Number of protein chains: 2
Amino acid sequence: MADVAERAGVSIATVSRALSGAPGVSEATRARIRSLAQDLSYTVSPDAARLARGSNGRVAVVTPDVAHWFYASMLDGIVTALHDSDLDVLLYEVQEERERRRFFDELPARRQVDALVLIALPISADEHRRLDLMGVPVVMAGGTLGEHPHVRIDDVAAGRQATAHLLAAGHERVAMINATGHWTLEYAAPSERLRGFTEALHDAGLEVDADLVVHQRWGSTGGAEGMSRLLSLTRPPTAVVAFSDEMAFGALRTLRRAAVPVPRAMSVVGIDDHALADVLDLTTVHQAVDEQGREAGRLVQQVVQDGGARSPYVTLPTQLVVRGTTGPPPRRLA
Amino acid sequence: MADVAERAGVSIATVSRALSGAPGVSEATRARIRSLAQDLSYTVSPDAARLARGSNGRVAVVTPDVAHWFYASMLDGIVTALHDSDLDVLLYEVQEERERRRFFDELPARRQVDALVLIALPISADEHRRLDLMGVPVVMAGGTLGEHPHVRIDDVAAGRQATAHLLAAGHERVAMINATGHWTLEYAAPSERLRGFTEALHDAGLEVDADLVVHQRWGSTGGAEGMSRLLSLTRPPTAVVAFSDEMAFGALRTLRRAAVPVPRAMSVVGIDDHALADVLDLTTVHQAVDEQGREAGRLVQQVVQDGGARSPYVTLPTQLVVRGTTGPPPRRLA
DNA sequence: ATCCTCGACGTAAGCGTTTGCGCAGAAGAC
DNA sequence: GTCTTCTGCGCAAACGCTTACGTCGAGGAT
């Protein structure tokens, strides 16, 4: 910077002001300095600027799994939304319990960021406290976290939509393959989607058959196993709602291997509208994950700027997408 | 820090040394300072430290699409490998041509990172030059970039493996659905996999039928369309190798809709071993994407530390995974 | 007892910016 | 023409660390 200043015949203070867009510089000088900096391919050091300024133009994004479809889409949305703000993204992944603990212990993002966004990361009360202690705003994307701003979908409604679709088609024995988290800490989604399932049945005047609700590990394997269990029942269901599309995929595989025709003998509906749901022709409840991410991105910008004035709770709608894996129940043999 | 120093009754220099693990402090004092800092929940400001030290303990990862399976897995590997180094990850996404141009124009990572890793990002010669001008080491993950360290697979071999598998099963009319990039800049993978395809045919004493090589946009939709085109041929193939699993998924959808039994009437093989290849029972050539990412992560650590002494070229092997979408050709009607 | 060595620590000079304050000189009011 | 008000700019003090160099005292060698 000193170099630029010298060549421009001004002080470094003026260069700083010119480059940062601060007032107190004539347009002529500003332009001259700008072009000079360009020629010298000079950029201000973000670190030094942050030091002097105090705020640091970066946000941390914390996600349980970078590679997983849901988290990745969310991250994508966040990054996209932040793209033309001047915020950079510092990425942290906390896959296992151990890593999470360590993350909250060391808080490596500490003093490095102006805000934090968690992607659907369930945390303990103690961790929540430590987070608040960090002194920066926190945004939750894909869930809720105390009073902090969040963006999410209504999981109860999603479960309801999926279930209602099956009931409307005439099904009476409807099962649910629900997910259990891979952590000790609970995600809220499974219980809420289950609630939606239950409520939909009640609305139709039906009771929940405990045999028809199975819990499996999150993922397509879990879905496959869940379906196996349901098929082995003395009175199997005629339709099943899966916690997620991934689990539905697993369920479909089981059905294919068991040579159960879909949807002739069994209807399957997922939740998510995974990129490959279309490929597999899966009926599902669409949630706009990337849009949630973008919304979360906007939220943190807002929160960083004005300390967070607006009502920072966003709930995005979900829509049923009917494809080929659902249909009327098989004829009763009555 | 001044605070800690005062309470400990030492100078800030000593605190700095104690906390950073530098020599010149007695173990007793170090321990005292450490615990004091702990109590005050004090952390050194990374920014200030970087400023003073000159190097900045961060690497930038640049990816075309955070949400896409391949890039996301790669990123995951990188992040994982960097997890217990003291390098933080700054994430940049450049989806469109315009964004890429802007990225290389502004080089926002400039002066912020000690190294850059590009995830399978094709760049122009000019951009390459600008990158080198940045003065930090660059690692390419999932491709090659001049003399820079890289990690990748042998795409020619992958194409060969997929094709050879079909030939070994007895197929003689084998097609390929290849990908065209979504950018003007060429990826190397499509032409290399095609070369593998060609070579395998030649090895078997067969010629490439130009009609049987179709080019489509990357993605499952492209795969679907490619399959349609192949089916509409007067003499359709009996087997097809898809550029990627995603494209194979699309092809499978077309086949399902056209009621062409797989693999009875048509064999399909992909490349990648996508997470859902198993669900769809797709025969494919496995490449360990996350392992490539991890390798890339190790590479940048190494490069950051000792300026890059080792031979920094890694090529990971691929393996054929036989599942249910391939089989012998249908009987000749001869 | 004297000199040297060495380890533990303090002093202070940066690192590359931003920004409050002060100071000229030009423009406007009278 | 003088007096005020801006405007454009320079000076220098932070910002929160790291680190070369200097100091001081304890211990070992002689």
Side-chain angles (χ1 to χ4, degrees), chain A residues 1-37 40-58 86 88 106-114 134-136, chain B residues 1-34 36-38 40-58 86 88 106-114 134-136:
Chain A
M1 179 168 228
D3 188 28
V4 178
E6 191 173 352
R7 304 204 192 205
V10 297
S11 73
I12 62 167
T14 303
V15 175
S16 169
R17 278 189 272 256
L19 259 28
S20 71
V25 191
S26 74
E27 276 316 312
T29 341
R30 190 187 298 270
R32 188 159 47 92
I33 294 178
R34 281 247 166 90
S35 90
L36 195 55
L40 270 52
S41 92
Y42 163 84
T43 324
V44 305
S45 156
D47 282 327
R50 291 187 234 282
L51 220 212
R53 185 157 23 195
S55 124
N56 42 22
R58 243 179 270 136
D86 40 4
D88 280 330
E106 305 187 355
L107 247 13
R110 195 125 191 269
R111 307 186 67 177
Q112 296 218 65
V113 297
D114 290 328
M134 237 182 94
V136 301
Chain B
M1 178 166 229
D3 187 28
V4 178
E6 192 174 350
R7 303 204 192 205
V10 298
S11 73
I12 63 167
T14 303
V15 175
S16 169
R17 279 188 274 256
L19 260 28
S20 72
V25 190
S26 72
E27 276 315 314
T29 336
R30 191 187 299 271
R32 190 159 45 92
I33 293 177
R34 280 248 165 88
L36 195 54
Q38 180 89 341
L40 270 52
S41 92
Y42 164 84
T43 324
V44 306
S45 154
D47 283 326
R50 291 186 234 282
L51 220 213
R53 183 157 25 195
S55 123
N56 42 22
R58 244 179 270 137
D86 41 3
D88 279 329
E106 305 187 355
L107 246 14
R110 195 125 191 267
R111 308 185 68 179
Q112 296 218 65
V113 297
D114 290 328
M134 236 181 94
V136 300

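Since this is a predicted model, take the numbers as computed values, not measurements. So that the names make sense, note that chain A is the first sequence line, chain B the second, and so on, each numbered from 1.
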Checklist entry - OG of A:Ser55 to CZ of A:Arg50: how many Å apart, nearest 0.5 Å? => result 8.0 Å

Next on the checklist: Within the 4.0 Å heavy-atom criterion, would you say B:Ser11 contacts the bases, only the backbone, or no part of the nucleic acid?
Outcome noted: base

Checklist entry - Looking for any heavy atom pair under 4.0 Å, which part of the strands does A:Ser45 touch: base, sugar-phosphate only, or nothing? => result sugar-phosphate

Checklist entry - If you look at every strand shown and take non-hydrogen atoms under 4.0 Å, does B:Arg111 touch a base, only sugar-phosphate, or nothing? => result sugar-phosphate

Checklist entry - With nearest nucleotides of DNA chain C determined for B:Arg30 and A:Met1 from heavy-atom distances, which residue corresponds to the more 5′ nucleotide? => result B:Arg30

Next on the checklist: Under 4.0 Å, counting only non-hydrogen atoms across every strand here, what does A:Ala49 touch: a base, just sugar-phosphate, or nothing?
Outcome noted: sugar-phosphate

Next on the checklist: If only side-chain N and O atoms count, and only distance matters, is there a donor-acceptor pair under 3.5 Å linking B:Asp47 with A:Gln112?
Outcome noted: no

Checklist entry - Is any N or O donor-acceptor pair between the side chain of A:Arg17 and the base of D:dG10 shorter than 3.5 Å? => result yes

Checklist entry - Charged N to carboxylate O under 4.0 angstrom, A:Arg58 versus A:Asp86? => result no

Checklist entry - Do any side-chain nitrogens or oxygens of B:Thr14 fall under 4.0 Å of OP1 or OP2 in C:dC9? => result no

Item to check | Between A:Arg110 and B:Thr43, a side-chain donor and acceptor under 3.5 Å | outcome: yes

Checklist entry - If each of A:Arg53 and A:Ala13 is mapped to the nucleotide of DNA chain D with the nearest heavy atom, which maps nearer the 5' terminus, i.e. the 5' end? => result A:Ala13

Checklist entry - Looking at B:Ser26, does any N or O in its side chain come under 4.0 Å of the phosphate oxygens OP1/OP2 on C:dC9? => result yes

Checklist entry - Under 4.0 angstrom, heavy atoms only, what part of the nucleic acid is A:Ser55 near: base, sugar-phosphate, or nothing? => result nothing

Next on the checklist: What is the separation between atom CG on A:Leu40 and atom P on C:dG16, rounded to the nearest whole Å?
Outcome noted: 15 Å

Item to check | Short side-chain N/O contact to D:dG16 OP1/OP2 from B:Tyr42, under 4.0 Å | outcome: no

Next on the checklist: Classify B:Arg50 by what it touches in the nucleic acid, base, sugar-phosphate, or nothing, heavy-atom distance under 4.0 Å.
Outcome noted: nothing

Checklist outcome for this item: Closest to the 5' end of DNA chain D, once A:Val10 and B:Ser16 are matched to their nearest nucleotides, is A:Val10

Checklist entry - So how far is it from B:Leu36 CG to B:Leu19 CG, rounded to the nearest 0.5 Å? => result 9.5 Å

Checklist outcome for this item: In whole angstroms, the gap separating P of D:dG8 from CD1 of A:Ile12 amounts to 20 Å

Next on the checklist: Does C:dC9 have OP1 or OP2 under 4.0 Å away from a side-chain N or O of B:Thr29?
Outcome noted: yes

Checklist entry - Want to settle it: does B:Ala52 or B:Val15 sit nearer the 5' end of DNA chain C, counting the closest nucleotide to each? => result B:Val15

Checklist entry - How many Å lie between CG on A:Leu51 and P on D:dC15, as a whole number? => result 10 Å

Next on the checklist: In whole Å, I'd like the distance from the CD atom of A:Gln112 to the P atom of D:dC17.
Outcome noted: 13 Å

